[in-house]
2 protein chains.
Amino acid sequence: MDLWIDAEADEAPRIPLSRRRVLRAAVAIADRDGLDALTMRRVAQELGVEAMSLYHHVANKEAVLDGVVEVILGEIFQAVEQAGSPAPGDDWRGALRTRILTAREVFLRHRWAPQVLTSRTTTSTAVVAYYDGVVGILRAGGFSFDLAHRALHVLGSRALGFAQELFDPGAAATEDSAAMAEQMAEHFPNLAGMLAAHDDPDGTLGFCDDRFEFEFALDLILDGLDRRRTGS
Amino acid sequence: MDLWIDAEADEAPRIPLSRRRVLRAAVAIADRDGLDALTMRRVAQELGVEAMSLYHHVANKEAVLDGVVEVILGEIFQAVEQAGSPAPGDDWRGALRTRILTAREVFLRHRWAPQVLTSRTTTSTAVVAYYDGVVGILRAGGFSFDLAHRALHVLGSRALGFAQELFDPGAAATEDSAAMAEQMAEHFPNLAGMLAAHDDPDGTLGFCDDRFEFEFALDLILDGLDRRRTGS
DNA sequence: ACCTGAACACCGTTCAAGT
DNA sequence: ACCTGAACACCGTTCAAGT
């Protein structure tokens, strides 16, 4: 009997709990089952531990969410580092564009992350550090501090690589279509026209190419900032 | 005894519960005590009723939140209507700018509303109707359907009058300052410079003028869209 | 020092019962 | 038809107790 118990203990040697392990488990759960599944009890279960044990390593659930933000920004910094320093010929536009699109990749891996980021009431140090880098790029490109400041406001969350869309024309059209299209045409003639004008062979699939739309918006903003910078 | 009971009944005559009353109560609670206070039980209490009674008028809490979005958009439509039709000389830019700034007023009254709007997984009809109006303005201004579509993506939630800011330079500086400023200068030199360069007599108060920043960003985007439209 | 069991005060929601 | 009481299956979190 003692042997059997020892064997089991060997099979699953207890790795000590730590803040880091708690946060990584939290991210794993959100990735797998969504943000609603991210509960203290579920994190504990993932770690083979009782829920109350978590409180020795994090103050409370809010602290877990703050920590999750740190993890996500850690991934962004890592991705930025891997992408390497900007090509020598790169102006501020190219450098900022690349950084933002690199950061965006991380949010594509963690679709729930924007919601967590925007729910935080205090700005985490990691986010501050990221924005410091953005301002650094702008300054190197000849921006005044004032214009750099405004640039942060214009970019908003897009500086980190995501934008919140409140309305997805593609989604509206995926509902089963015939009667729906008529309703649309009657009540929302402009949107109906927009959908009709887009002659996608599949009907509506791929109407919104996320990457294309994101880059279009980003470039429009970078254009605008450059104009403000040069005063043209 | 019967008299006393009757008297009390008269004091608080039972207005029948309705979907509308449930939603208005929900908005009132969020306005007063924030989004976390918006629970089914709390809504019921606000209406002098048991929590379970609500389920005769709304399917569940998600339906309440969907309904709250309708209420908010109702306020926006009302504000837009009150603002009246655009001045005759107004181009699409002026018309859209006015509409967006009008909508923005509603979100200033309901600071919690953006969080609810962005949390919805399906786009409510009211939001679709609002965006139909935006596309209408763009079309009247000479936008192709394709460019109008992209304009919606560029504007994102800004079309409805709010932007999510992940980083508020002003907030960082309100922390008690001396030692903090040193830390900033060491780890975040670019942001530190940005804060230092802004020679606000009060130190940091009013560093970010919400309205100014919002309009600056909006105008930059409208400029960019106009350039794309005319191909200049 | 680290983990746990039981408990508390909340959630959203179901169901059978009341009027 | 509309409302309710009691209950269920969850939350986050506290506390005293275990090792």
Side-chain angles (χ1 to χ4, degrees), chain A residues 2 5-6 8-10 12-27 29-30 32-69 112 115-116 119-122, chain B residues 1-2 5-6 8-27 29-30 32-69 112 115-116 119-122:
Chain A
D2 281 329
I5 286 170
D6 283 344
E8 195 179 57
D10 278 0
R14 269 193 190 281
I15 309 167
L17 221 50
S18 67
R19 185 178 129 88
R20 180 149 220 86
R21 287 191 70 214
V22 170
L23 301 182
R24 300 202 84 73
V27 169
I29 290 164
R32 200 184 316 128
D33 300 322
L35 211 50
D36 286 345
L38 178 45
T39 69
M40 296 300 272
R41 282 169 156 96
R42 189 88 169 55
V43 171
Q45 185 189 318
E46 180 90 4
L47 295 165
V49 103
E50 297 299 314
M52 306 71 206
S53 305
L54 303 177
Y55 288 85
H56 289 275
H57 300 93
V58 292
N60 50 34
K61 188 174 179 181
E62 289 296 291
V64 171
L65 293 176
D66 286 338
V68 161
V69 170
W112 47 269
Q115 185 139 191
V116 176
S119 78
R120 303 296 75 209
T121 52
T122 63
Chain B
M1 267 201 300
D2 282 331
I5 285 170
D6 282 345
E8 194 179 56
D10 279 1
E11 271 174 46
R14 268 191 192 282
I15 308 167
L17 221 49
S18 68
R19 184 178 129 87
R20 179 149 221 86
R21 287 190 68 215
V22 170
L23 301 182
R24 300 201 83 74
V27 170
I29 289 165
R32 201 184 316 127
D33 300 322
L35 211 50
D36 286 345
L38 176 45
T39 68
M40 296 300 272
R41 282 169 156 96
R42 188 89 169 54
V43 171
Q45 184 189 319
E46 180 90 1
L47 295 165
V49 101
E50 297 299 315
M52 305 71 207
S53 305
L54 304 177
Y55 288 85
H56 289 275
H57 300 95
V58 292
N60 49 35
K61 189 175 178 181
E62 290 296 292
V64 171
L65 293 176
D66 286 337
V68 161
V69 170
W112 47 270
Q115 185 139 192
V116 176
S119 77
R120 302 297 76 210
T121 53
T122 63

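Below, chain A is the first sequence line, B the second, and so on; all start at residue 1.
- To the nearest 0.5 Å, atom CD1 of residue B:Ile29 and atom CD of residue B:Gln45 are 8.0 Å apart.
- Helical stems in DNA chain D, defined as runs of 3 or more consecutive Watson-Crick or G-U wobble pairs with donor-acceptor distances under 3.5 Å: C:4-8 with D:12-16, C:12-16 with D:4-8.
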Using a cut-off of under 3.5 Å, enumerate the N/O to N/O pairs linking the protein to nucleotides 11-14 of chain D.
{"unit_1": "D:dG12", "atom_1": "OP1", "unit_2": "A:Met40", "atom_2": "N", "d": "3.1"}
{"unit_1": "D:dG12", "atom_1": "OP1", "unit_2": "A:Lys61", "atom_2": "NZ", "d": "3.2"}
{"unit_1": "D:dG12", "atom_1": "OP2", "unit_2": "A:Met40", "atom_2": "N", "d": "3.1"}
{"unit_1": "D:dG12", "atom_1": "N7", "unit_2": "A:Arg41", "atom_2": "NH1", "d": "2.3"}
{"unit_1": "D:dG12", "atom_1": "O6", "unit_2": "A:Arg41", "atom_2": "NH2", "d": "3.2"}
{"unit_1": "D:dT13", "atom_1": "OP2", "unit_2": "A:Tyr55", "atom_2": "OH", "d": "3.0"}
{"unit_1": "D:dT13", "atom_1": "OP2", "unit_2": "A:Lys61", "atom_2": "N", "d": "2.8"}

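- Nucleotide C:dT4 holds its P atom 5 Å from the CD atom of A:Glu50, rounded to whole Å.
- Residue pairs that meet the salt bridge (charged side-chain N to carboxylate O under 4.0 Å, His left out) test with at least one member in residues 36-58 of chain A, sequence neighbours left out, are A:Arg32-A:Glu46, A:Asp33-A:Arg42, A:Arg42-A:Glu46.
- OP1 or OP2 of D:dT4 lies within a sub-4.0 Å distance of a side-chain N or O belonging to B:Ser53.
- Listed by chain and residue number, B:Arg120 satisfy the side chain to side chain donor-acceptor pair (under 3.5 Å) test with B:Glu62 (two or more places apart in sequence, or in another chain).
- Residue-to-nucleotide contacts include a donor-acceptor pair under 3.5 Å from the side chain of B:His56 to the base of D:dC3.
- Within the 3.5 Å criterion, the main-chain N or O of B:Leu17 finds a donor-acceptor partner in the side chain of B:His57.
- Under the rule for a salt bridge (charged side-chain N to carboxylate O under 4.0 Å, His left out), A:Arg20 has no partner lying at least two apart in sequence or in another chain.
- The distance between atom CG of A:Leu54 and atom C1' of C:dT4, rounded to the nearest whole Å, is 12 Å.
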Go through the steps for B:Asn60 and B:Met40 under the test side chain to side chain contact (heavy atoms under 4.5 Å, CB included), then give the verdict. CA-CA 9 Å; B:Asn60 49 35; B:Met40 296 300 272; 5.8 Å; no
I'd like to know whether A:Leu38 forms a side chain to side chain contact (heavy atoms under 4.5 Å, CB included) with A:Val27, so could you lay out the CA-CA distance, the side-chain angles of the two residues, the decisive distance to 0.1 Å, and finally the verdict. CA-CA 8 Å; A:Leu38 178 45; A:Val27 169; over 6 Å; no
Go through the steps for A:Trp112 and A:Val68 under the test side chain to side chain contact (heavy atoms under 4.5 Å, CB included), then give the verdict. CA-CA 11 Å; A:Trp112 47 269; A:Val68 161; 3.5 Å; yes
